[in-house]
Amino acid sequence: KKSAGTHACGHIPTPVPCEQLFPCRLDSESGLLVCEYDMNQAEHLGNLKKDLLMLRNLTIIDIAQKEIKKRTGKDIPLWDESILNDKKALNMIASGDTDGVFQLESDGMKKFMRQLQPDCFEDIIAGVALYRPGPMDYIPDYIQNKHNPNDIKYITPELESILAPTYGIIVYQEQVMLIVQKLAGFSMGRADVVRKAMGKKKQEIMDQEGPHFINGDKELNIEGCTGRGISEEAAQKIWNQMVDFAKYAFNKSHAAAYAAISMQTAYLKANYPLEFAVGLLTSVMDDSKKLMKYVTSFRQTGVNILPPDVTKSEYGFSIETDDDGNESIRFGLFAIKGVGEDVANTIPAERAKQPYKDIDDFVKRHMSFNRKAFENLAKAGAFDAFGHTRQTLVENFDTMLTSIKTQAKNYDENQLTLFDFGLDVDTSYKFNEYPEYSYLQKCRNEKDATGMYVSGHPASTIENITKKNGAVNIEDIVSENSIYHNDDEVAIGGVITEIKKKITKKGNIMMIIDVEDTTGHILSLIHI
């Protein structure tokens, strides 16, 4: 008995309730009706299966466009050909600076783009199609042919018009269809049958169509390659190449749609870096690891990231300009742990009605917040503008909340109070002041509250000492272009951020230690 699975993004539109057309079950997780046929059975019975993908990158683009509109008044036509071939964006991609760029931010893809040096949208489409198991084997040939076009050789001249855009390499399913049509006279419908058979590895159809491609079939009105002046040897070689590649081939329309989003995000990053940063960082606020990665990446390129501040921060990340005209990115409130949707939306809305006077005013206006939200806002530095140390706030919150609630409870609108006589009564909470946390403790608290170091990295306090003693940057070790090898001995200096204990199959104890410096992190194994 096979276990039932649900396609991640497959949808079947139906003209009548779907349960009238095929057996269904109710998915326990999503609560949606699920077709009990697999996708091949569903399609064979005449249903249309569509894959609807939800991409976080579309949200990034939307946020960035709104920021650009708000700041400049411009509407950016992202589907315009000039943007899809933007030279500044292509140069940025060729340099490997693609953190946050759709489909192009993995180490392997960065290396591919640096070697390829793309100079047009077509190169990005091909890159997206090639960078997968199978087609990756053709990447060296693709790069070689791009940089040495005079060395490209075609098995037969008829292939040039079809394969010239991809430097003589079969990359797309559509190219397979064009080849069988142009070289052998296949109809468009029959060409699609070949494409699908190759992609689905339907050997019986391949065995049937191979001879048709090479020698044709008079009854089916197919001339074949030999009937069009191409030698049988060349035809067989072309067929073998198509069969080999079509097992993995992408259809170009799919690759082009992905590549368009790649170029749109690259265009925004290259031309509107702050607006792009706002979109990217806001989109990963619920993933502290990704957030830390991108904040670090932006800081390394010179973007100033300001800590959260309840007097200035918005729900998400935002652009802020100081009195001297310097622009920075302000940390978003929702990125703080324990600060949910309601809290992150309520603070800017309440602040818009009237600015906060002090911490006492803030707490009284947000008594519905739980203690964890107050504490994490303090630990992240979001209350620094009110003039108290973070430790003072954390240590006082319990008694402060109790005191304010008691004041509210004691006030009875039906009885006279000192307020009714016009007397000035101080109802503010009296703080027990504490010194500020040490720098290292502040850093730890920030990481607890946000998943990352906001003000600075604790390893920066020992950086001078570690460098004097020969420590190298962790980024230089883990980088794909690292000069170090697996058996090299190197010294590193940093902070231990995580320790995991493992028991090997032989019963030995092994510790996995995550060490982090200001440039990156690395896992170290220690056998005990």
Side-chain angles (χ1 to χ4, degrees), residues 288 291-292 295-296 299 304-313 320 322-323 328-339 343-344 347 350-351 355-367 369-407 426-466 493-499 515-518:
S288 57
L291 184 60
M292 181 168 67
V295 165
T296 302
R299 279 177 169 160
N304 187 31
I305 310 287
L306 300 171
D309 182 344
V310 294
T311 69
K312 295 178 180 178
S313 287
E320 195 171 299
D322 65 19
D323 294 338
S328 303
I329 300 293
R330 175 68 71 177
F331 212 88
L333 293 169
F334 186 66
I336 301 171
K337 296 177 182 178
V339 175
V343 174
I347 292 172
E350 183 66 26
R351 184 181 68 220
Y356 299 115
K357 293 184 290 186
D358 50 32
I359 185 63
D360 198 69
D361 178 43
F362 181 91
V363 173
K364 285 178 179 176
R365 289 161 69 177
H366 297 293
M367 286 303 295
F369 294 1
N370 60 43
R371 188 194 183 285
K372 192 65 177 175
F374 285 121
E375 183 177 314
N376 280 358
L377 283 165
K379 285 183 173 181
F383 293 138
D384 287 0
F386 294 138
H388 299 282
T389 67
R390 297 181 190 182
Q391 186 173 5
T392 294
L393 295 176
V394 171
E395 295 295 336
N396 278 272
F397 271 132
D398 281 333
T399 53
M400 183 182 186
L401 293 170
T402 302
S403 173
I404 293 174
K405 286 177 181 177
T406 301
Q407 289 176 27
D426 183 9
T427 61
S428 61
Y429 175 79
K430 301 299 185 291
F431 284 92
N432 293 317
E433 297 288 344
Y434 289 82
E436 187 54 279
Y437 292 118
S438 68
Y439 177 71
L440 289 179
Q441 188 58 50
K442 278 179 71 173
C443 290
R444 290 192 195 101
N445 286 346
E446 288 177 356
K447 188 154 190 179
D448 286 343
T450 66
M452 60 177 293
Y453 303 113
V454 179
S455 304
H457 200 290
S460 63
T461 59
I462 59 171
E463 202 164 24
N464 289 337
I465 300 170
T466 58
V495 219
I496 296 174
T497 57
E498 189 176 12
I499 300 175
V515 182
E516 197 175 277
D517 67 7
T518 57

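All values below were derived from every heavy atom in this structure, side-chain atoms included, with hydrogens, water molecules and symmetry-related copies excluded. Keep in mind the model is a prediction, meaning the values are calculated, not measured. Residue numbers run from 1 in the order of the sequence given.
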In Å and rounded to the nearest 0.5 Å, what is the CG to OG distance from Asp448 to Ser288?
11.0 Å

May I ask you to test the Val515-Thr497 pair for a side-chain heavy-atom distance under 4.5 Å?
no

Evaluate side chain to side chain donor-acceptor pair (under 3.5 Å) for Glu433 paired with Thr389, printing each intermediate quantity in order.
CA-CA 8 Å; Glu433 297 288 344; Thr389 67; 5.1 Å; no

Rounded to the nearest 0.5 angstrom, the CD-OH distance for Glu350 and Tyr356 is 5.0 Å

Here the pair of heavy atoms bringing Asn376 nearest to Gly338 is ND2-N, 4.2 Å

Search all heavy atoms of Arg330 against all heavy atoms of Asp309 and return the closest pair with its distance.
NH1-CB, 3.8 Å

Does any part of the side chain of Val495, heavy atoms only, come nearer than 4.5 Å to the side chain of His457, both counted from C-beta?
yes

Check: Ser455/Tyr439 side-chain N/O donor and acceptor closer than 3.5 Å
no

For the residue pair His388 and Phe431, categorise the inter-ring angle as parallel (less than 30°), tilted (30 to 60°) or perpendicular (more than 60°).
tilted

Do the non-hydrogen side-chain atoms of Glu446 and Pro307 ever get within less than 4.5 Å of each other?
no

Could you check Leu291 against Met452 for side-chain contact (heavy atoms from CB on, under 4.5 Å), going step by step and ending with a plain yes or no?
CA-CA 8 Å; Leu291 184 60; Met452 60 177 293; 4.0 Å; yes

Is the shortest side-chain heavy-atom distance between Ile329 and Glu320 below 4.5 Å?
no

Salt bridge between Glu395 and Arg390, side-chain N to carboxylate O under 4.0 Å?
no

Apply ring-ring contact (aromatic ring centres under 6.0 Å, His included) to Phe397 and list each qualifying residue two or more places apart in sequence or on a separate chain.
Phe374

Please determine whether side-chain contact (heavy atoms from CB on, under 4.5 Å) holds for the pair Phe362 and Val310, giving the CA-CA distance in whole Å, both sets of side-chain angles, and the decisive distance to 0.1 Å.
CA-CA 9 Å; Phe362 181 91; Val310 294; 3.9 Å; yes

Nearest-0.5 Å distance, CG of residue Leu440 to OG1 of residue Thr461
5.0 Å

Considering all heavy atoms, the nearest Thr392-Tyr434 contact:
OG1-N, 2.7 Å

If I take atom CZ from residue Arg351 and atom OG1 from residue Thr311, how far apart are they, to the nearest 0.5 angstrom?
7.0 Å

Are Asp360 and Lys364 close enough for a salt bridge, meaning some N to O gap below 4.0 Å?
yes

So, Glu516 and Lys447, do they make that salt bridge, N to O below 4.0 Å?
yes

Closest contact, heavy atoms only, Tyr429 versus Thr399:
OH-OG1, 2.6 Å

Nearest heavy-atom approach of Ala459 to Asp517 is CB-CA, 3.8 Å

With side chains defined as the heavy atoms from C-beta onward, is the minimum distance between Thr450 and Phe331 less than 4.5 Å?
yes

Are any non-hydrogen side-chain atoms of Asn432 and Asn396 less than 4.5 angstrom apart?
yes

Could you check whether any side-chain heavy atom of Phe369 comes within less than 4.5 Å of a side-chain heavy atom of Ile347, counting everything from C-beta outward?
yes

Let me see the working for Val343 and Leu333 under side-chain contact (heavy atoms from CB on, under 4.5 Å), right down to the final yes or no.
CA-CA 8 Å; Val343 174; Leu333 293 169; over 6 Å; no

Cationic N near anionic O, under 4.0 Å, Lys379 to Glu375
yes

Nearest 0.5 angstrom please: Ile336 CD1 to Leu377 CG, how far?
5.0 Å

Value rounded to 0.5 Å, distance of CD1 in Ile305 from OG1 in Thr296:
9.5 Å

